[in-house]
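First listed ligand is number 1; within each ligand, the first listed atom is number 1. Because the structure is a prediction, the values reported are computed rather than measured. Sequence positions, counted from 1, serve as the residue numbers for this chain.
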Amino acid sequence: MAPDYEFVGRAAEIAREGGALLMEYFARNVTIEYKGDADLVTIADRKSEKLLVERLHAAWPDHDVLGEEGTLTSSGSEYRWYVDPLDGTTNFAHGYPVFCVSMGLEHRGELTAGVIYDPTRDEMFVAEKGKGATLNGRPIHVSGTAKLGESILGTGFPSHKRHKNPNIQFYHQLTLRSHGVRRAGSAALDLASVASGRFDGFWEFNLNSWDTAAGVVLVREAGGIVTDFSNGPFNLSSREVLASNRLIHEELLKNFQEIFAGRGLSELPSAVEYYKNQQG
Ligand code: IPD
Ligand code: CA
Ligand code: CA
């Protein structure tokens, strides 16, 4: 029997409507605008946020909302929604069908509910604190992979100040120490993939609250864990997210500490050497 959810029933309907709107724009060629050199935004991001926020306000007039595209209502409510109206904008703008709508709810400073809807696959992920997580109404659980060496991982790279981000080092080392690392381009879907056991772990630097709020509830409710890179508690303002099925968390943390300390690293092969050798 489906859990007796308090918020995500209505929130899922709202996310589904947002997803349908995204698919309408996806079918056309939308114009790309820039928030930074590689930070894209489209009319679909804005229209989706407008729709989601209108619906959230209608459903819960006393709840506050923070949306990526500029919505901020702060009435001092105990409840606040974190809304990413289109997570995966770069994919969306280039016609690559990996994106979603993500809405997470915080109550008195604690994450309590999350909805992530992938309209390209018609997949609805929902979770509420203490009530479990589901995908299209069926319970989901994190994977049972117990070794990093047998795991598949996800990560992402920020579009803002990307030249200052060291993640390529982590990507390289962890690629060599696992079955591989995917960079699909939607952090919310990456977290939903950990919750549903498709990924064994995921990490990223510098995500925002709207990217993570819903996915963190999903991972926790599916039996997983989310911390920062030093095993500190995850909170929405932390710039580090490390999520896993719990079983490989310690190994991941150990690897992060080693990489930060520059110990035991495999060297990045040189492209210059490679090219020289090819030339004979
Ligand atoms: C981005 C995606 C991407 C992640 C970036 C985010 P957006 O969100 O989640 O996977 O690597 O850090 O900014 O801009 O498409 O909403
Ligand atoms: Ca996002
Ligand atoms: Ca977004």
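- For the pair Glu68 and ligand 1, the shortest N or O to N or O distance falls below 3.5 Å.
- Aromatic rings from His63 and Phe7 are positioned such that their centres are separated by under 6.0 Å.
- Under 3.5 Å, the side chains of Asp62 and Ser77 contain no donor-acceptor pair of N or O atoms.
- Heavy atoms of Leu207 found under 4.0 angstrom from ligand 1 belong exclusively to the side chain.
- Note: no N/O pair closer than 3.5 Å links Gly156 and ligand 1 by distance alone.
- Residue Asp211 touches ligand 1 through its side chain alone, judged by heavy-atom distances below 4.0 Å.
- Residue nearest to atom 2 (C) of ligand 1, selected from Asp84, Asp87, Val98: Asp87 (by heavy-atom distance).
- Near Pro158, the atoms of ligand 1 lying under 4.0 angstrom from a non-hydrogen atom of the residue are 12 (O).
- Considering Phe256, Phe170, Phe234, Tyr171 as possible partners of Trp203, the one that fulfils the ring pair (Phe, Tyr, Trp, His ring centres under 6.0 Å) test is Phe256.
- Judged by distance alone, the side chains of Thr71 and Glu49 do bring a donor and an acceptor atom under 3.5 Å apart.
- The Ca ion (ligand 3) has Glu68 OE1, Asp84 OD1, Leu86 O as protein N, O or S atoms under 3.0 Å away.
- Ligand 1 has Leu86 within reach: a non-hydrogen atom of the residue lies less than 4.0 Å from it.
- The proximity of Asp45 to ligand 1, defined as any non-hydrogen pair under 4.0 Å, does not occur for either the backbone or the side chain.
- Note: no N/O pair closer than 3.5 Å links Thr90 and ligand 1 by distance alone.
- No side-chain donor from either of Ser102 and Asp87 sits under 3.5 Å from a side-chain acceptor of the other.
- Other residues, nucleotides and ligands contribute at most 12 non-hydrogen atoms within 6.0 Å of the NZ atom of Lys50.
- Close contacts between ligand 1 and Glu204 involve ligand atoms 4 (C), 5 (C), 11 (O), 12 (O) [criterion: under 4.0 Å to a heavy atom].
- Each of Tyr82, Tyr79, Trp81 was scored for a side chain to side chain donor-acceptor pair (under 3.5 Å) with Glu106, with one residue passing: Tyr82.
- With a 4.0 Å cut-off on non-hydrogen atoms, Glu69 does not touch ligand 1 at all.
- Applying the 6.0 Å contact sphere to CZ of Arg121 captures no more than 12 heavy atoms from other residues, nucleotides or ligands.
- Taking every heavy atom of Thr89 and a limit of under 4.0 angstrom, the matching atoms of ligand 1 come to 15 (O).
- Remark: aromatic rings of Phe205 and Phe157 are distant, center separation not under 6.0 Å.
- Residue Gly185 approaches ligand 1 through these ligand atoms, each under 4.0 Å from one of its heavy atoms: 2 (C), 3 (C), 10 (O).
- The 12-atom threshold is not exceeded at CD of Glu267, counting heavy atoms of other residues, nucleotides or ligands nearer than 6.0 Å.
- Within the 4.0 Å heavy-atom criterion, the part of Phe157 lying near ligand 1 is the backbone and not the side chain.
- The existence of a salt bridge linking Arg10 and Glu13 is confirmed by a sub-4.0 Å separation between a basic side-chain nitrogen and an acidic carboxylate oxygen.
- The hydrophobic clustering, which links ILVMFWY residues whose side-chain heavy atoms are closer than 4.5 Å, places Ile14 and Val65 together.
- Residues Ser74 and Asp64 bring no donor and acceptor atom of their side chains to less than 3.5 Å of each other.
- Of the N and O atoms on the side chains of Asp190 and Ser193, not one donor lies less than 3.5 Å from an acceptor on the other residue.
- Contacts of Ala187 with ligand 1, taken as heavy-atom pairs under 4.0 Å, involve both backbone and side chain.
- At under 3.5 Å, a nitrogen or oxygen of Gly88, whether backbone or side chain, sits near a nitrogen or oxygen of ligand 1.
- Interface atoms of ligand 1 facing Ser186, defined by a heavy-atom separation under 4.0 Å, are 9 (O), 10 (O).
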